[in-house]
Amino acid sequence: MTTSKIHSVVCIQSRVLVVFYTLGKCWQFRIISPDGTVVGGYPIYYNAEAAAKAGRDSIYQNR
């Protein structure tokens, strides 16, 4: 069983940014668009703040 921990869920520009931790993949983020599509690459980050910044940057770049 994979253990995951959700660190934060934030709404930015009608999108939901989810930052989470898994034992196998460290910190990651996903973005849920208004139509329900989940987007996000699979790079890993070594802390929650770095993953959240990358997620926010991704949202602001793809306006």
Side-chain angles (χ1 to χ4, degrees):
M1 181 168 110
T2 303
T3 302
S4 298
K5 174 185 173 184
I6 295 177
H7 178 267
S8 61
V9 178
V10 181
C11 184
I12 302 171
Q13 295 186 349
S14 300
R15 288 165 177 74
V16 177
L17 171 62
V18 181
V19 175
F20 60 95
Y21 178 85
T22 65
L23 290 176
K25 299 284 186 176
C26 294
W27 291 98
Q28 296 184 33
F29 72 88
R30 295 293 183 273
I31 298 167
I32 306 169
S33 67
D35 68 359
T37 304
V38 178
V39 294
Y42 294 95
I44 60 172
Y45 301 92
Y46 292 101
N47 59 53
E49 292 75 20
K53 180 181 181 323
R56 285 190 308 274
D57 290 348
S58 179
I59 290 172
Y60 292 128
Q61 288 175 0
N62 295 314
R63 289 192 245 190

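Quick note: numbers below take in every heavy atom, side chains included, and nothing from hydrogens, waters or symmetry partners. We count residues from 1, following the sequence as given.
- Residues P34 and S14 come closest through the heavy atom pair CG-O, 3.2 Å.
- Two residues are said to be in side-chain contact when any heavy atoms from C-beta on lie closer than 4.5 Å; F29 and R56 fail this criterion.
- Between R15 and S33, the shortest heavy-atom distance links the atoms CG-CA, 4.1 Å.
- Heavy-atom minimum distance, L17 versus A52: CD2-O, 3.9 Å.
- The hydrophobic cluster containing Y21 also contains I31, counting ILVMFWY residues as joined when their side-chain heavy atoms lie under 4.5 angstrom apart, directly or transitively.
- For the pair W27 and H7, the minimum side-chain heavy-atom distance is below 4.5 Å.
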Under 3.5 Å donor-acceptor pairs involving side-chain atoms of residues 38-50, not counting sequence neighbours:
| residue | atom | partner | partner atom | Å |
| --- | --- | --- | --- | --- |
| N47 | OD1 | E49 | N | 3.3 |
| N47 | OD1 | A50 | N | 2.7 |

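- Considering every non-hydrogen atom in both A51 and V19, the closest pair reads CB-CG1, 3.9 Å.
- Between V10 and V16 the shortest side-chain heavy-atom distance does not fall below 4.5 Å.
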